[in-house]
**Q** 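This is the structure I have questions about; it appears just below.
Just follow the structure's listing: the first ligand is 1, and inside any ligand the first atom is 1.
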Amino acid sequence: MRLRAPYASDPERSRGRLYPEAPPSNRSEYQRDRDRIIHANAFRRLEYKTQVFINHEGDWFRTRLTHSLEVAQIARVLARSLQLDEDLTEAIALAHDLGHTPFGHAGQDELNACMTKHAPEAGGFEHNLQSLRVVDTLEERYPGFNGLNLTFETREGILKHCSLNHAKQLGDVGRRFIDRTQPSIEAQLANLADEIAYNNHDIDDGLRSGLITVTQLMSVPFFARHYESVLHCWPGLEERRLVSETIRQMINTLISDLTRTTTERIQAANPVDANAARQCEPLARFSPDMRVEADQLKKFLLQNLYRHYRVLRMMTKAQHIVRELFEAFINQPRLLPEDYRREGHTEQARAIADYVAGMTDRYAVLEYRRLFQIEEGF
Ligand code: MG
């Protein structure tokens, strides 16, 4: 039996599921959540959704699926060393990107623009809210309910951010945005594990793609320091291994700093249980110095990778595809598969957003061809 800190989320004391169910027999409530997420349709589709690079650009780049696995791996290390509930952190990490559209953030921004233009009353499109919508209503697998019927704690963790307007409509799980309290420490860690994962793997993918170079990266002190220390230990090491080892050590440094700082903050706040931890200022944090360094890394990636002209060109195409699909469907709902047709305009717009958001990159491209290219078939 692993040690459990008093402030850890306890599956025996979960706030429960929307539809009451008998407790699981040979796993915890949070393990059951994790397992349901892995069996979900939306989880499998992550394999063909963009993280930064479109799926067909190369087999070696991260996809949303491998990104989510890396987030889960980092989150579990953090949870275990802080004696938190590893299964809950893992469930949140695996589910955090389920609501992502095809083509990454470009797809989301375009879908949001389409919703705002064609159904301003519907409240737009946001991938984080969509992740919750996937697990709460869109998955159709179980006889007694829509969605995966996950525990409150997993749903709370999936909903990372949320506007006040949305929060008011979400009931229990939106409450903390109104009360200005925090989610469980497990959820806070899953969120920071996401950041550790993408900062580091985007450097790796960025270098591999040739869109950024080591010379450019040496302007980021955090990278330069680790790179030079690896080179000092292994003079003459070939570039690929040098980069991999640098990234490995950067992840280690970030995890160690986060664990140390979070431990100190927990000791200072001394929450008696998981609920008391929700009332504290965020407990999972990097040290101030590490925060500065992580932000420099983020800024570098934004300026040099996410806004690289080759990434932007691909994103422009992606936005075009999402916009054309949405407009074709909203103007002529009969072009939609029957499952996605609705009576009211707002309901129809939302169903189109669900349909488009659920598409993988390659499915969106195929659907675009089927709709707009004569030679493509139906
Ligand atoms: Mg993510």
**Q** For His96, what is the atom name of its N, O or S atom nearest to the Mg ion (ligand 1)?
**A** NE2
**Q** With the Mg ion (ligand 1) at the center, what angle do OD1 from Asp194 and NE2 from His67 span, rounded to 10 degrees?
**A** 70°
**Q** Can you tell me how far CG of Leu111 sits from NE2 of His100, rounded to the nearest 0.5 angstrom?
**A** 12.0 Å
**Q** Any chance CZ of Arg44 has more than 12 other-residue heavy atoms, nucleotides or ligands included, within less than 6.0 Å?
**A** yes
**Q** Within the supplied structure, the quantity of interest is the number of heavy atoms (other residues, nucleotides, ligands) at a distance under 6.0 Å from Arg334 CZ; does it exceed 12?
**A** no
**Q** The Mg ion (ligand 1) and His100: any N/O/S contact shorter than 2.8 Å?
**A** no
**Q** Of all N, O or S atoms in Asp97, which has the smallest distance to the Mg ion (ligand 1)?
**A** OD2
**Q** Quick check on side-chain hydrogen bond (donor to acceptor under 3.5 Å, both in side chains): which of Arg17, Glu21, Arg36 does Asn149 satisfy it with?
**A** Glu21
